[in-house]
Amino acid sequence: MKQILSYIPDRFILPIVLLAGAVAGLGGYTVYMSRAHSFLSEEPAACVNCHIMTPYYQSWNHSSHAQWETCNDCHVLQENLLTKYTLKTKDGIYHTIVLTIRGEAGSVKYSNRLITSPLKNINNTCQTCHRDSEENLRNYVYQYQDKALEIRDRVEKELSKAHIMAKTAWEKGATESQMTKTMKLLRQAQWRWDFAVASHGASFHAPVETQRILAHSLDKTMLAQLELQKVLFSYGITEVEFPDLSTKDNAQAYIGLDMQKLKENKEEWIKTVVPEWIEEAKKNGRLTANADI
């Protein structure tokens with residue numbers, strides 16, 4: 001080092017040291033702010049750094065797969081190491097740049113990072129561990145999902161009834177103190193339904209845990225109905241009229257949504273706002289040339 005410095009005029013040494021320190025400092029800051037180190041790992045928690053996917057992460061974290069597999073093992077193409085790490089490199093560079101310049105808010109970029117359902121590539125995902133046919137493995141998933149959907153449908157039906165019973169109680173003059181226990185139970189039931197349904201992959205990631213959460217939601221719902229019956233009986237209400245909510249249209253009409261107006265607003269938004277976003281994205285270089293819009 002001394003021999004190298006001997007070739008540099010004394011007046012340049014301090015500026016060079018300061019410049020090297022600045023480069024090192026900015027480099028370290030960039031790595032820290034972009035969490036670049038997290039992209040070198042297979043740790044699923046790295047995804048939760050930025051993406052709104054906590055329910056997905058939590059459902060995976062409570063599954064048997066969490067002991068052996070990460071997100072990449074199932075959702076990233078596993079054809080060969082080159083394909084896998086090419087994808088990880090492209091994805092990591094993109095994330096690092098966006099996070100470093102704080103460009104995630106309002107950024108528009110459409111690209112194909114080949115992240116997909118493991119059921120589309122069972123041979124290179126599920127069958128790397130499970131020694132079973134593709135048909136059986138796919139059917140196992142569908143069976144788990146059907147069982148979760150069965151209890152989810154029951155929760156939605158009974159939870160809707162409980163909300164309508166609560167609405168009736170309030171309309172008949174129920175007080176805050178009368179409804180305290182009911183409201184707590186309704187919130188607990190609703191939160192559990194929200195969590196289980198918010199993660200579309202929950203019944204795949206952790207079918208037993210998802211059904212447990214939905215079962216607790218149903219339990220809280222039925223307890224809320226019992227409390228509401230007490231309140232309603234105190235006002236002489238022995239029967240509540242429940243609307244037909246068997247279809248989406250019926251439910252929308254019941255809660256007073258003007259669907260015709262909303263559809264018109266949506267069409268207008270698509271015609272006016274979306275083209276402006278696309279043009280802005282093109283100008284800023286945030287839209288890939290082969291984007292399928």
Side-chain angles (χ1 to χ4, degrees), residues 52-63 141-267 269:
I52 302 173
M53 54 181 297
T54 298
Y56 302 86
Y57 174 73
Q58 291 292 351
S59 64
W60 164 83
N61 205 30
H62 284 80
S63 73
V141 175
Y142 293 158
Q143 289 169 13
Y144 294 147
Q145 292 177 329
D146 286 344
K147 290 174 182 177
L149 182 60
E150 180 182 341
I151 188 170
R152 169 184 162 179
D153 288 344
R154 177 74 193 284
V155 171
E156 290 173 354
K157 181 178 180 180
E158 297 302 330
L159 189 53
S160 296
K161 286 183 179 180
H163 282 299
I164 293 168
M165 290 171 70
K167 174 178 178 291
T168 303
W170 287 118
E171 290 174 345
K172 295 301 179 180
T175 64
E176 291 280 351
S177 59
Q178 286 178 309
M179 297 290 284
T180 298
K181 191 170 182 180
T182 293
M183 296 307 295
K184 181 178 180 180
L185 288 167
L186 278 178
R187 290 189 185 99
Q188 291 172 336
Q190 189 70 54
W191 287 336
R192 285 160 174 77
W193 177 87
D194 288 344
F195 185 85
V197 175
S199 171
H200 299 296
S203 57
F204 186 164
H205 289 158
V208 175
E209 178 67 6
T210 301
Q211 291 179 63
R212 184 189 71 83
I213 293 171
L214 287 170
H216 278 237
S217 177
L218 182 59
D219 178 56
K220 300 291 184 183
T221 298
M222 302 310 291
L223 289 174
Q225 287 188 14
L226 289 174
E227 291 299 321
L228 282 163
Q229 286 178 3
K230 297 176 186 177
V231 176
L232 290 169
F233 286 165
S234 70
Y235 288 93
I237 307 299
T238 58
E239 188 173 339
V240 175
E241 184 176 347
F242 296 107
D244 176 13
L245 302 179
S246 58
T247 68
K248 185 177 180 180
D249 289 340
N250 288 351
Q252 291 168 339
Y254 175 73
I255 63 176
L257 287 180
D258 186 346
M259 293 308 299
Q260 182 61 37
K261 181 64 176 176
L262 290 173
K263 288 177 181 178
E264 291 174 359
N265 291 343
K266 179 181 177 180
E267 291 298 323
W269 180 83

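Only a predicted model underlies this, so the values are computations on that prediction, with no experimental measurement involved. In this chain, residues are counted from 1 in sequence order.
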So does Gly201 get a backbone contact from the side chain of Tyr56, meaning a donor-acceptor N/O pair under 3.5 Å? no
Answer yes or no: is there an ion pair linking Lys167 with Glu171, defined by an N-O contact shorter than 4.0 Å? yes
Would one find more than 12 heavy atoms of other residues, nucleotides or ligands at under 6.0 Å from atom OH of Tyr144? no
Can a donor-acceptor pair be found, under 3.5 Å and without considering hydrogens, that links the side chain of Glu158 to the backbone of Met222? no
Thr210 (side chain) donor-acceptor with Ala202 (main chain) under 3.5 angstrom: yes
Are Thr247 and Asp249 close enough, and set up right, to give a side chain to side chain donor-acceptor pair (under 3.5 Å), and what steps lead you there? CA-CA 5 Å; Thr247 68; Asp249 289 340; 5.4 Å; no
Sequence neighbours excluded, the answer for salt bridge (Lys or Arg N to Asp or Glu O under 4.0 Å) partners of Lys147 is none
Nearest 0.5 Å, please: how far is CD1 in Ile255 from CG in Asn250? 12.0 Å
Once rounded to the nearest 0.5 Å, what's the spacing between atom CD of Gln229 and atom CD1 of Ile237? 13.0 Å
Just grab all the salt bridge (Lys or Arg N to Asp or Glu O under 4.0 Å) pairs involving residues 201-215, residues at least two apart or on different chains. Glu209-Arg212
Here the pair of heavy atoms bringing Thr175 nearest to Tyr235 is N-OH, 4.2 Å
If I compare all heavy atoms of Gln211 with all of Ile151, which pair ends up nearest, and what's the gap? O-CD1, 4.1 Å
Shortest non-hydrogen contact between Ala166 and Leu228, atoms and distance: CA-CD2, 3.6 Å
Glu239 CD: over 12 foreign heavy atoms closer than 6.0 Å: no
Could you report the tightest heavy-atom contact between Ala162 and Leu186, atom names first, then the distance? CB-CD2, 3.6 Å
For Val240 against Ile164, the heavy-atom pair lying closest together: CG1-CG2, 4.3 Å
Please evaluate residues Glu156 and Arg152 with respect to the criterion salt bridge (Lys or Arg N to Asp or Glu O under 4.0 Å), reporting the C-alpha separation (whole Å), side-chain torsions for both, the decisive distance (0.1 Å), and the verdict. CA-CA 6 Å; Glu156 290 173 354; Arg152 169 184 162 179; 2.9 Å; yes
If you measure from CD on Glu241 to OG1 on Thr168, what distance do you get to the nearest 0.5 Å? 9.5 Å
Test of understanding: with side chain to side chain contact (heavy atoms under 4.5 Å, CB included), list the residues that count as partners of Asn265, not counting sequence neighbours. Lys261
Rounded distance (nearest 0.5 Å) linking atom NZ of Lys181 with atom NZ of Lys230: 5.5 Å
Between Glu150 and Arg154, is there a salt bridge with N-O shorter than 4.0 Å? no
Between the NE2 atom in His205 and the CD atom in Gln58, the distance rounded to the nearest 0.5 Å is 12.5 Å
Rounding to 0.5 Å, atoms OG1 (Thr221) and CD (Gln190) come to a distance of 8.0 Å
Can you find a pair of side-chain heavy atoms, one from Glu176 and one from Trp170, that are under 4.5 Å apart? yes
Would you say the side-chain atoms of Ser217 pair up with the backbone N or O of Ile213, donor to acceptor, closer than 3.5 Å? no
Closest non-hydrogen atom pair, Lys161 against Phe242: O-CE2, 3.6 Å
